[in-house]
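Before any comments, here is the structure.
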Amino acid sequence: MSQLLESLPRADGFHMPAEFEPQAGAWMLWPERPDNWRLGAKPAQRAFAAVAEAISRFEPLTVGVSAAQYRNARHMLPAAVRVVELSYNDSWVRDCGPTFVTNGKSLRAVDWVFNAWGGLEGGLYFPWDLDDLVAMKIAEIERVDRYRAPLVLEGGSIHVDGQGTLLTTEECLLNPNRNPDLSKEQIEGYLRDYLNVEQFIWLKRGVFNDETNGHVDNICCFLRPGVVALTWTDDRSDPQWEISNENLEILRSARDARGRSLEVIKLHQPGPIYITEEESQGVDAVEGTLPRQAGDRLAGSYVNFFFVNGGAVVPTFDDPWDAPALAALQAALPERKVVGVPAREILLGGGNIHCITQQQPKV
């Protein structure tokens, strides 16, 4: 069974390990809603299946699927993937799923409050009640005890190095559509209590036009302690240049929890990538859901990749910057096999490979 705990992870000796540490496995949710995924989500399902296949080469994977899509998903996913019936509103398990914490011997889950990236003040869909239950359901399936944190937070808005340092953006965590009654210091207090971190590196903004209000997992991530990857562009006329350059200065002056300065590896952004007329017309128009308009710029990024045991699964976009990004990550991660997976269909839904995955640490 999964017990709801009244204590705090920090007081109990639990912390959030880094994504690049050993994993027991990973979680995904299956896409199906036609008001976000074009053509009844069929192209997205093929992309998710390709991501699942890549992950399953390295470690166990579980995919949550609705009752209506169970047979279809089981048919499309590799036999090695565990498929479980689960209800949810959309397939962004990074953001609605649990953040796992460990004391080195056992595992627990942090269950954040989820409001679909802004609730009624800029949120991306309504309702989101089933999404807010996903973390509890995964904790039940894995038989791990859980903490319910009194903080609106998505997993894609934080990265940690596993050694006391947390990376995030002001654009997201300080957005009034998340926790309007909390100060920056109060938010840091909750993150200390629930993730057991000491040092905060606050970037200003995320990737240009990112509908999640600037999630850090699209702009910057830890590759290992003391080393980060940053979304970059050399085009000074692109609005992304100012954002990335501002964040670069913050990173260069920052110190992590152990006093180290950070090495910054730049990953040049793809594109820019825009929604085509055909792609826009394939999405059902539904009131209360963010429309997908032709010509809208998508927040494409190679930083939005997923660590697996011995590897990294990286989005590609049939773009000239694909090969340089894969090569740069492979050079930065020589101990891992870097695998590129075509991910434009995932990007069209508003995120990418890191957004649709959630790691479960090994203990």
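Small disclaimer: the values here were computed from a predicted structure and weren't measured.
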| message | Determine whether a donor-acceptor pair (N or O, by modelled atom type, separation under 3.5 Å) exists between the side chain of Glu59 and the backbone of Ile55. | response | no
| query | Below 4.5 Å, heavy atoms only, C-beta onward: do Val84 and Val65 meet side chain to side chain? | reply | no
| query | What's in the same ILVMFWY side-chain cluster as Leu4, cut-off under 4.5 Å, chained through other members? | reply | none
| Note: Glu198-Arg10 ion pair, threshold 4.0 Å (strictly below) | yes
| query | Would the number of heavy atoms belonging to other residues, nucleotides or ligands and lying under 6.0 Å from NZ of Lys184 be above 12? | reply | yes
| Would you find a donor on one side and an acceptor on the other, under 3.5 Å apart, between the side chain of Asn218 and the backbone of Val207? | no
| query | With distance as the sole test, does Thr165 use its side chain to make a donor-acceptor pair with the main-chain N or O of Ala257 at under 3.5 Å? | reply | yes
| What distance do Cys172 atom SG and Trp117 atom CH2 have between them, rounded to the nearest 0.5 Å? | 11.0 Å
| request: Quick one: do Thr233 and Asp235 satisfy side-chain hydrogen bond (donor to acceptor under 3.5 Å, both in side chains)? Show the steps, please. | output: CA-CA 5 Å; Thr233 180; Asp235 182 1; 5.3 Å; no
| said: Between Arg297 and Asp238, does any side-chain N to carboxylate O distance fall below 4.0 Å? | reply: yes
| task | Please indicate whether Asp318 has more than 12 foreign heavy atoms, meaning atoms of other residues, nucleotides or ligands, lying under 6.0 Å from its CG. | result | no
| query | Are the side chain of Arg252 and the backbone N or O of Ser261 linked by a donor-acceptor pair below 3.5 Å? | reply | no
| query | Does the side chain of Gln45 pick up a donor-acceptor pair with the side chain of Asn72 at under 3.5 Å? | reply | yes
| said: Donor-acceptor pair, distance only, cut-off 3.5 Å: does the side chain of Glu171 make one with the backbone of Gly206? | reply: yes
| Between Arg260 and Gln163, do the side chains contain an N or O donor and an N or O acceptor separated by less than 3.5 Å? | yes
| field | Main-chain N/O of Gly118 paired to Asn115 side chain as donor or acceptor, under 3.5 Å | value | yes
| message | With rounding to the nearest 0.5 angstrom, report the CG to CD1 distance, Leu203 to Ile250. | response | 5.5 Å
| remark: Heavy atoms of Gly156 and Asp95 approach each other most closely as N-OD1, 2.8 Å
| field | Under 3.5 Å: donor-acceptor pair, side chain of Arg178, backbone of Leu151 | value | no
| Going by atom types alone, do Asp90 and Trp92 pair a side-chain donor with an acceptor below 3.5 Å? | yes
| task | List the steps and the verdict of side-chain hydrogen bond (donor to acceptor under 3.5 Å, both in side chains) for Ser7 and Asp12. | result | CA-CA 7 Å; Ser7 54; Asp12 293 343; 2.5 Å; yes
| Qualifying residues under salt bridge (charged side-chain N to carboxylate O under 4.0 Å, His left out), relative to Lys337, sequence neighbours excluded | none
| So, are Glu21 and Lys362 salt-bridged, with charged N and O less than 4.0 Å apart? | no
| field | His268 ring center within less than 6.0 Å of Trp232 ring center | value | no
| query | Centroid-to-centroid, Phe126 to Trp128, below 6.0 Å? | reply | yes
| Nearest non-hydrogen partners of Ala139 and Ala109, listed with the distance | CB-CB, 4.2 Å
| query | Does the side chain of Thr99 come under 3.5 Å of the side chain of Trp112 through a donor N or O and an acceptor N or O? | reply | yes
| message | How long is the straight-line distance from CG of Leu39 back to CD of Glu345, given to the nearest 0.5 Å? | response | 7.5 Å
| task | Output, in order, the C-alpha distance, side-chain angles, deciding distance and verdict of side chain to side chain contact (heavy atoms under 4.5 Å, CB included) for Leu333 and Leu223. | result | CA-CA 8 Å; Leu333 304 168; Leu223 299 181; 4.2 Å; yes
| Enclosure of Lys204 NZ (heavy-atom neighbours >12, cutoff 6.0 Å) | no
| said: Quick check: do Val81 and Ser56 have side-chain heavy atoms less than 4.5 Å from each other? | reply: yes
| task | Inspect the contact between Glu246 and Arg205 and indicate whether a charged nitrogen and a carboxylate oxygen are less than 4.0 angstrom apart. | result | yes
| task | Consider only side-chain N and O atoms of Tyr302 and Asn352, and report whether a donor and an acceptor are under 3.5 Å apart. | result | no
| Does CD in Glu170 sit with more than 12 non-hydrogen atoms of other residues, nucleotides or ligands closer than 6.0 Å? | yes
| remark: Output for pair (Cys221 SG, Phe307 CZ), nearest 0.5 Å, gives 6.0 Å
| said: Using a strict threshold of under 4.0 Å (side-chain N to carboxylate O), is an ion pair present between Glu242 and Arg236? | reply: no
| request: Consider only side-chain N and O atoms of Gln360 and Trp27, and report whether a donor and an acceptor are under 3.5 Å apart. | output: yes
| message | If you apply the rule side chain to side chain contact (heavy atoms under 4.5 Å, CB included), what do you find for Tyr147 with Phe14, and how did you get there? | response | CA-CA 11 Å; Tyr147 305 92; Phe14 283 74; 4.0 Å; yes
| query | Looking at Pro17 and Thr102, what are the two nearest heavy atoms and their distance? | reply | CG-CG2, 3.8 Å
| said: Treating Arg38 as the side-chain partner and Lys42 as the backbone partner, does any N or O pair qualify as donor plus acceptor under 3.5 Å? | reply: no
| query | Do any N or O atoms from the side chain of Ser280 and from the backbone of Glu277 form a donor-acceptor pair under 3.5 angstrom? | reply | no
| Arg71 atom CZ, neighbour heavy-atom count above 12 within 6.0 Å | no
| field | Axial cation check for Tyr125 ring with Arg33, 6.0 Å and 45° limits | value | yes
| task | Using modelled atom types only, decide if a donor and an acceptor are shared between the side chain of Asn89 and the backbone of Asp131 within a distance under 3.5 Å. | result | yes
| request: Consider only side-chain N and O atoms of Gln293 and Asp296, and report whether a donor and an acceptor are under 3.5 Å apart. | output: no
| message | Within the structure provided, determine whether Leu182 and Tyr190 are in side-chain contact (heavy-atom separation under 4.5 Å). | response | yes
| Presence of salt bridge, Arg82 and Glu142, under 4.0 angstrom | yes
| query | Got a second to check how far Leu133's CG is from Tyr88's OH, nearest 0.5 Å? | reply | 14.0 Å
| Trp202: ring-ring contact (aromatic ring centres under 6.0 Å, His included) partners, not counting sequence neighbours | none
| Can you tell me if CD on Glu278 sees more than 12 non-hydrogen neighbours from other groups inside 6.0 Å? | no
| message | Centroid separation under 6.0 Å, is that true for the rings of His159 and His354? | response | yes
| said: By the definition side-chain contact (heavy atoms from CB on, under 4.5 Å), identify the one residue from Ser244, Pro272, Pro239 that meets it with Phe208. | reply: Pro239
| query | Any idea which heavy atoms bring Val341 and Ala50 closest together, and the distance? | reply | CG1-CB, 3.8 Å
| field | Thr231 versus Lys266, side-chain donor and acceptor atoms under 3.5 Å | value | no
| message | For Asn36 and Arg292, which I'm curious about, is there any donor-acceptor pair between the side chains at under 3.5 Å? | response | yes
| Do Phe48 and Met28 come within less than 4.5 Å of each other through their side chains, counting heavy atoms only? | yes
| query | What's the spacing between Phe317 CZ and Leu298 CG if we round to 0.5 Å? | reply | 9.0 Å
| Would you call Asp132 and Arg148 a salt bridge, using N to O less than 4.0 angstrom? | yes
